[in-house]
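Read the structure below first, then the notes.
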Amino acid sequence: VTCHEIDEFLASHSRESELPPAAAAHIAACERCRQLVRILDKSMEAPAPSESQLKQIQSALLRDLKPVRPLMRSRVFLFAFGLLFLGAVAIGSLLLGVSGWRALSTGQKIVVFTASAIGGISLALSLVRQMVPGSKHAIPPIQLPIAVSALLILVMAAVFQPRYESAFVSSGLTCLRIGMTYSIPTAFLLWLMLRRGAWLSPKLTGATAGVFAGLIGVTVLEVFCPNLNLYHILIWHLGVIALSALGGLLLGTAAQHIAASSGRRTFQPVSKSR
Amino acid sequence: MLAGIVQRRARQLRRIACAEGSTRGFLMPSGSGLPTSACPNLEQLMVRYQQADRTAATALIELLSPPLYRFFATQTGRRTDAEDMLQDVWLRIHRVRHTYRPGDPLLPWVYAIARRVRVDHFRKRHRIALHETEVDVLPESPAQLDKINNLPSFDELVAPLPESQREVLIMLKVNGLSIEEIARVTSSTTGAVKQKVHRAYERLRNSLQQAPTAELARKGVAP
């Protein structure tokens with residue numbers, strides 16, 4: 001047994017007495033590990049809150065104790081997010097047409113829309129999990145919006161080539177406007193669904209919801225826009241994601257500040273009462 | 001007076017036993033000397049708290065406050081801060097109790113909220129500190145050494161660790177959470193948590209090697 005393996009044992013057993021014999025033998029022989037175990041066992045000796053404080057907390061909480069309805073099941077939210085995504089894309093296709101879909105080759109269609117689907121599912125799962133504190137995340141939620149954006153950039157760069165375009169800015173601005181026209185209302189609908197749960201880190205949830213809404217805008221554009229110039233797609237299509245994420249981040253930050261400043265206090269802070 | 005101390009200690013032990021039993025998702029065994037009805041599963045208590053059961057709310061406060069207090073006290077080192085944060089965490093738990101989904105483990109939910117409270121408290125402190133003139137403050141408790149082994153205290157040793165490593169180590173060793181639960185609390189993966197724990201242990205080992213030497217030097221004795 002090595003010191004590194006002792007770390008594994010210590011992480012999975014709370015006390016020295018629970019360690020397997022081989023680990024205990026190593027600890028008996030190794031001065032560094034012995035000292036570490038001694039210190040870690042001492043960590044259990046910690047102060048406790050006063051009885052009066054516990055009574056104060058109990059009386060404050062019981063004062064306005066009312067029944068609450070728990071959040072709906074994850075699959076209900078997932079279904080709602082999926083419906084929002086597909087609904088927005090369907091409405092976009094009906095109103096704007098499917099020129100972009102026709103312009104894409106089969107390979108491009110598969111790669112682009114598979115990447116959008118993967119990104120959408122991952123973001124929806126992350127949003128649902130962010131609504132419940134202490135949920136299990138396969139990818140840390142702080143990394144996911146960046147990962148999805150990076151995936152889309154890589155995919156677009158891989159399947160499209162730079163082409164000459166005479167009206168780069170004007171046509172690009174049109175696409176950006178259309179993309180935002182779809183991402184802003186969907187972001188609002190997302191907020192309506194998330195508002196009961198998105199309080200742990202509104203900034204992060206705002207940014208994630210922004211990327212999700214932006215992805216909806218990008219998908220609508222990919223179905224509608226026949227312009228296959230790589231730079232047009234990278235700047236004006238994916239720009240929708242960047243703008244939506246920024247908007248979500250700013251709104252989330254504002255929500256966080258508002259919640260902090262208008263936080264109704266039931267107790268007087270201990271540090272002020274002294 | 002002695003009877004009072006004994007009663008208080010028994011109450012503390014019962015709370016710890018209940019919390020540890022419930023943490024692992026089982027009720028206290030009948031031979032433990034504790035009535036099982038007095039020690040229900042934390043998750044069940046939380047569901048009853050959502051339904052506005054006053055007894056369940058009181059029991060949850062009694063069971064969860066000591067480990068939460070330890071979580072804050074070990075990280076901040078100040079009793080008043082820990083007491084403030086304990087009140088704040090209960091206020092938030094109360095406000096967002098609807099976000100707990102029946103059937104999910106309760107401790108990751110509670111500690112994720114506690115972690116948020118700690119971060120907010122730290123930011124608030126930092127903002128206030130920017131506008132305050134610093135004055136010398138007496139430490140609340142002197143640095144404690146293990147009398148027999150001449151080792152520094154756990155709090156003293158973990159203080160210089162990077163924030164993320166210290167937090168993970170405290171949840172693991174002070175609060176008794178599992179690696180899986182810590183990964184849920186910190187919204188990271190079990191691999192990332194294990195790596196942080198390993199790095200923290202390595203740093204602690206190195207600090208411990210230096211600690212007795214430094215202590216001897218402080219006392220004016222050549223190592």
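Chain A is the first sequence line, chain B the second, and so forth, proteins listed ahead of strands; every chain is numbered from 1. What you see is a predicted model, and the numbers here were worked out from it, not measured in a lab.
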Just give me the residue among B:V96, B:L204, B:V119 that pairs up with chain A most often, heavy atom to heavy atom, under 4.5 Å.
B:V96
Closest non-hydrogen atoms of B:R92 and B:I113, given as atom of the first, atom of the second and distance, are CB-CG2, 3.9 Å
What's the spacing between [X] [atom1] and [Y] [atom2] if we round to 0.5 Å?
{"X": "B:R203", "Y": "B:L157", "atom1": "CZ", "atom2": "CG", "answer": "12.5 Å"}
{"X": "A:I153", "Y": "A:I241", "atom1": "CD1", "atom2": "CD1", "answer": "8.0 Å"}
{"X": "B:E167", "Y": "B:L161", "atom1": "CD", "atom2": "CG", "answer": "12.0 Å"}
{"X": "B:W109", "Y": "B:D104", "atom1": "CH2", "atom2": "CG", "answer": "11.0 Å"}
{"X": "B:T74", "Y": "B:R166", "atom1": "OG1", "atom2": "CZ", "answer": "10.0 Å"}

Under a 4.5 Å heavy-atom criterion, the part of residues 133-149 of chain A in contact with chain B comprises A:P133, A:G134, A:S135, A:K136, A:H137, A:A138, A:P140, A:P141
Residue by residue, scan residues 75-85 of chain A and write down, ordered by number, those that have a heavy-atom distance under 4.5 Å to chain B; if none do, write 'none'.
A:F77
Heavy-atom distance under 4.5 Å to chain B: side chain of A:R73, backbone, both or neither?
backbone
Should B:T58 and A:Q58 be marked as a side chain to side chain donor-acceptor pair (under 3.5 Å) after you check the CA-CA gap, both sets of side-chain angles, and the distance that decides it?
CA-CA 6 Å; B:T58 310; A:Q58 278 166 9; 5.1 Å; no
Salt bridge (charged side-chain N to carboxylate O under 4.0 Å, His left out) between B:R118 and B:E163, intermediate numbers included
CA-CA 12 Å; B:R118 193 185 54 75; B:E163 177 69 38; 2.6 Å; yes
Checking [X] against chain A: side chain, backbone, both or neither under 4.5 Å from a heavy atom?
{"X": "B:H198", "answer": "both"}
{"X": "B:Y111", "answer": "neither"}
{"X": "B:Q50", "answer": "both"}
{"X": "B:P102", "answer": "side chain"}

Please lay out, stage by stage, how A:R129 and B:S187 fare under the test side chain to side chain donor-acceptor pair (under 3.5 Å).
CA-CA 10 Å; A:R129 284 167 186 169; B:S187 301; over 6 Å; no
Could B:R184 and B:E181 be called an ion pair, given the rule that one side-chain N must be under 4.0 Å from one carboxylate O?
no
Dump the intermediate steps for side-chain contact (heavy atoms from CB on, under 4.5 Å) on B:Q195 and B:R199, then the final yes or no.
CA-CA 6 Å; B:Q195 197 180 42; B:R199 285 181 183 159; 3.4 Å; yes
What's the verdict on side chain to side chain donor-acceptor pair (under 3.5 Å) for A:S244 and A:S183, showing C-alpha distance, side-chain angles and the deciding distance?
CA-CA 7 Å; A:S244 303; A:S183 75; 3.2 Å; yes
